[in-house]
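Read the structure below first, then the notes.
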Amino acid sequence: MNKNIESLTLNSGAIKNKAYNNYKKSNRESFQSIFNKVMMDNEEKTSTNNSDTSERTNISNVSDTEGLHQYYEDQLEHKSDMAVERLASFFGIGKELMKAVLKSLHINPEDLVDPSKKDEIIKAIIKKFGLAKDRSEALSELIKEF
């Protein structure tokens, strides 16, 4: 996911230019049609840089804003679920127990994939488990990978 986010962030200027150029050439095509063209072009570029093909999807099937919103909510839920699972594995506990620990720390599982909250989460978990320096560093690296 981080690779996709970085790719999308780096290419955002190019994406905006392509969207504008597509609009000018489109004879006033719908925004959805233009969006799908830009996303498909970007998806092709991202797929050459990303070896994990399971994260690539065809967004052209999304026909409305609500559907697109639901798509991204589902992706966020899936990624946060995977992050909880990896975190549970790190501590050698079950996923449901890890969710309970996060809840006791007032951490929403979706926060695990939010870059702005990672440092706070790392500190809270290290404090909760009283981790030694080497385990703290390993935890920090793991969470930054989400």
TODO: Name all pairs fulfilling the ring pair (Phe, Tyr, Trp, His ring centres under 6.0 Å) condition that reach into residues 111-143, sequence neighbours left out, sorted by first residue then second.
DONE: F91-F129
Task: Pairs involving residues 107-126, ordered by first then second residue, that meet ring pair (Phe, Tyr, Trp, His ring centres under 6.0 Å) (sequence neighbours left out) - done: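 Non-adjacent pairs meeting ring pair (Phe, Tyr, Trp, His ring centres under 6.0 Å): zero.
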Task: Heavy-atom side-chain proximity of Y72 to L76 below 4.5 angstrom - done: no
Task: Test item: V84 and P109 side chains (from C-beta on) under 4.5 Å apart, heavy atoms - done: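 A side-chain contact exists here, since the closest heavy-atom pair is under 4.5 Å.
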Open item on the list: If I take atom CZ from residue R86 and atom CZ from residue F146, how far apart are they, to the nearest 0.5 angstrom?
Closed with: 5.5 Å
Open item on the list: Quick check on the hydrophobic clustering: are I93 and M82 connected, directly or via other members, by side-chain heavy-atom contacts under 4.5 Å?
Closed with: no
Task: Residue list, side chain to side chain donor-acceptor pair (under 3.5 Å) with K128, at least two apart or on another chain - done: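 If we apply the side chain to side chain donor-acceptor pair (under 3.5 Å) test to K128, skipping adjacent residues, there are no hits.
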Open item on the list: Among residues at least two apart in sequence or on other chains, which ones pass side chain to side chain donor-acceptor pair (under 3.5 Å) with D114?
Closed with: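 Per chain and number, D114 pairs via side chain to side chain donor-acceptor pair (under 3.5 Å) with S116.
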- [ ] Check L112 against K118 and note the closest heavy-atom contact, atom names and distance.
- [x] O-CE, 3.3 Å
Open item on the list: So, using side-chain contact (heavy atoms from CB on, under 4.5 Å) as the criterion, who are the partners of Q70 when residues are at least two apart?
Closed with: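 Q70: side-chain contact (heavy atoms from CB on, under 4.5 Å) contacts with E73, D74.
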Without placing hydrogens or testing angles, list every side-chain donor-acceptor pair under 3.5 Å for residues 94-108, not counting sequence neighbours.
unit_1: K95; atom_1: NZ; unit_2: D81; atom_2: OD1; d: 3.1
unit_1: K95; atom_1: NZ; unit_2: D81; atom_2: OD2; d: 3.0
unit_1: S104; atom_1: OG; unit_2: V101; atom_2: O; d: 2.7
unit_1: N108; atom_1: OD1; unit_2: E110; atom_2: N; d: 3.1

For residues 133-143, which side-chain N or O atoms pair as donor and acceptor with protein atoms under 3.5 Å away, sequence neighbours left out?
unit_1: R135; atom_1: NH2; unit_2: F90; atom_2: O; d: 3.1
unit_1: S136; atom_1: OG; unit_2: L131; atom_2: O; d: 3.4
unit_1: S136; atom_1: OG; unit_2: A132; atom_2: O; d: 2.8

